[in-house]
Amino acid sequence: MSKEVRVRFAPSPTGPFHIGGARSALFNWLFARKMGGKLILRIEDTDLERSSRESEENIKAALKWLGMDWDEGIDVGGPYGPYRQTERLELYKKYTEKLLAEGKAYYCYCTDEELEEERQALIKEGKMPRYMGKCSHLTPEQIAAYEAEGRKPTVRFRVPKDEQIHIHDMVRGDVVFESNGIGDFVIVKSDGIPTYNYAVVIDDASMHISHVIRAEEHLSNTPRQCLLYDALGFEKPTFGHISLILGKDHTKMSKRHGATSVDQYRQLGYLPAGINNFLALLGWAPNSEQEIFSLEELIHEFSMEHVAKNPAVFDIDKLNWINQHYMRQLDADAFFEAAKPHMIAAGYMTGEEDGEKLAWLQKVVATAKEHVSFAAQIPACVEMYFNDEFSFENEDAAAVLKAETVPTVIGMLLEELPKLETVDGASVKALFKSIQKTTKLKGKDVFMPIRVALTGNQHGPELAEMVPLLGIERTAKRIRASLAKAGITL
Ligand code: GLU
């Protein structure tokens with residue numbers, strides 16, 4: 001019988017939840033769901049200075065927002081808890097005592113200064129800096145002397161010599177490391193807190209993790225972890241290291257490339273469906289050309305065999321394209337809800353509106369539906385409905401109003417507009433048509449001056465959409481102000 005699939009997402013809660021972390025979580029989640037396995041959420045908080053509960057909360061909130069759930073872990077519990085490393089210190093201690101008793105680990109009393117000296121000396125000799133084993137065979141007398149000095153020891157793992165460490169990685173294939181390239185490394189710090197490489201092994205083994213899917217940057221840690229699995233007599237999981245995420249310029253993704261945390265994208269009004277879809281394609285590719293995937297489809301299609309070795313490039317234009325697809329799919333209410341915080345932030349609404357005002361806002365916001373990639377773009381897209389005091393976009397726009405025929409066109413419009421019984425798209429269109437017919441002008445010579453007079457701009461939404469939303473009064477007021485600005489009298 002094949003082993004139950006048990007994967008884990010094990011973030012360190014040390015800051016904003018990075019988009020790369022979300023991608024690791026998603027790949028684990030998809031793999032678990034696809035294989036009918038379990039996802040465990042474990043918090044790796046052994047960096048006491050940098051870890052915070054606030055960051056842990058952020059991670060949880062982001063995962064929930066993205067629609068990912070977990071079967072065991074913090075909050076939900078499970079048979080192998082606790083699921084926060086700082087609550088598992090007793091367990092690590094038990095294994096440390098075992099390793100010490102078996103001579104597979106030893107106390108090291110070297111100070112930071114001594115270690116740095118050794119490092120520099122090795123670098124000077126052109127050798128790879130690593131711990132050379134100064135404390136690996138201390139006598140009881142030497143230990144007593146160090147203790148008497150009040151030195152607090154770390155615990156180091158005794159790395160076996162001349163071993164080859166073979167890793168069969170689901171993504172990277174066979175990778176081989178030499179144990180001689182690894183110095184005896186610290187597994188427990190002088191304050192008794194385990195290091196990442198040590199705690200992760202005990203946790204993954206004791207939580208019966210079958211597959212470790214994580215970022216490529218941890219590949220170099222894997223040989224150390226494999227040595228620990230062997231020393232502790234644990235069975236190794238299958239590893240899968242997913243590629244780095246690079247910016248569009250092919251350097252490592254960083255703040256320079258724009259927003260890097262999930263929360264920033266949430267605040268900009270990207271949709272979970274868009275983010276998930278985009279993240280899935282960061283390193284994984286389906287068999288087909290399909291690019292739009294719902295979570296359900298992703299679960300169905302996802303496989304580690306199609307996770308690529310080469311780095312994934314974070315292409316914001318692609319994210320925007322994908323997210324736009326999901327923005328367009330929102331129904332009117334959901335689109336309005338998505339717009340709301342951004343409209344409030346822009347000062348275009350308070351959120352308290354009701355009745356006619358609310359209905360008007362809903363119509364205005366709806367005009368942005370086809371034109372935005374994410375909700376924070378909505379206010380700029382509807383700005384013209386709120387700002388009566390605009391200036392001409394450029395000289396070309398102003399020049400449009402200088403045409404000979406403009407006073408006739410505008411004059412007719414201002415005269416006929418108040419006579420409309422209903423002001424809607426159809427009646428406004430009909431009015432434009434009749435002006436065109438009477439003046440015998442080309443469509444452009446009718447529409448363009450009206451557009452510029454109304455918005456200061458040569459481009460923008462349909463006039464027939466805009467005029468009813470602005471209403472006759474504001475339309476007329478804007479046009480008169482523009483004519484005055486351009487020095488035109490009717
Ligand atoms: N706490 C580690 C990190 O956030 C997890 C590494 C792993 O998955 O083993 O990078």
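Whatever order the structure lists them in is the order used to number ligands and atoms, beginning at 1. When a residue number appears, it is its place in the shown sequence, counting from 1.
- Atom CD of Gln290 is surrounded by more than 12 heavy atoms from other residues, nucleotides or ligands within 6.0 Å.
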Give every pair formed by an N or O atom of ligand 1 and a protein N or O atom closer than 3.5 Å, one pair per line with both atom names and the distance to 0.1 Å, or write none.
unit_1: ligand 1; atom_1: 1 (N); unit_2: Ala10; atom_2: O; d: 2.8
unit_1: ligand 1; atom_1: 1 (N); unit_2: Ser12; atom_2: OG; d: 2.8
unit_1: ligand 1; atom_1: 1 (N); unit_2: Glu44; atom_2: OE1; d: 2.7
unit_1: ligand 1; atom_1: 4 (O); unit_2: Ser12; atom_2: N; d: 3.3
unit_1: ligand 1; atom_1: 4 (O); unit_2: Ser12; atom_2: OG; d: 3.4
unit_1: ligand 1; atom_1: 8 (O); unit_2: Arg8; atom_2: NH1; d: 2.7
unit_1: ligand 1; atom_1: 8 (O); unit_2: Arg8; atom_2: NH2; d: 3.3
unit_1: ligand 1; atom_1: 9 (O); unit_2: Arg8; atom_2: NH2; d: 2.8
unit_1: ligand 1; atom_1: 9 (O); unit_2: Tyr196; atom_2: OH; d: 2.6
unit_1: ligand 1; atom_1: 9 (O); unit_2: Arg214; atom_2: NH1; d: 2.8
unit_1: ligand 1; atom_1: 10 (O); unit_2: His218; atom_2: NE2; d: 2.8

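- With ring centers used as reference points, Phe302 lies under 6.0 Å from Phe27.
- Electrostatic pairing of Glu4 and Lys38 counts as a salt bridge here, judged by a charged N lying under 4.0 Å from a carboxylate O.
- For an aromatic pair to be called close, the ring centres must be under 6.0 Å apart, and Phe31 with His211 satisfies this.
- Ion pair Lys252/Glu217 flagged as a salt bridge, since at least one NZ, NE, NH1 or NH2 atom sits closer than 4.0 Å to an Asp/Glu carboxylate oxygen.
- Applying the ring pair (Phe, Tyr, Trp, His ring centres under 6.0 Å) test to residues at least two apart or on different chains, the pairs with a partner in residues 110-165 are Tyr109-Tyr146, Phe157-Phe185.
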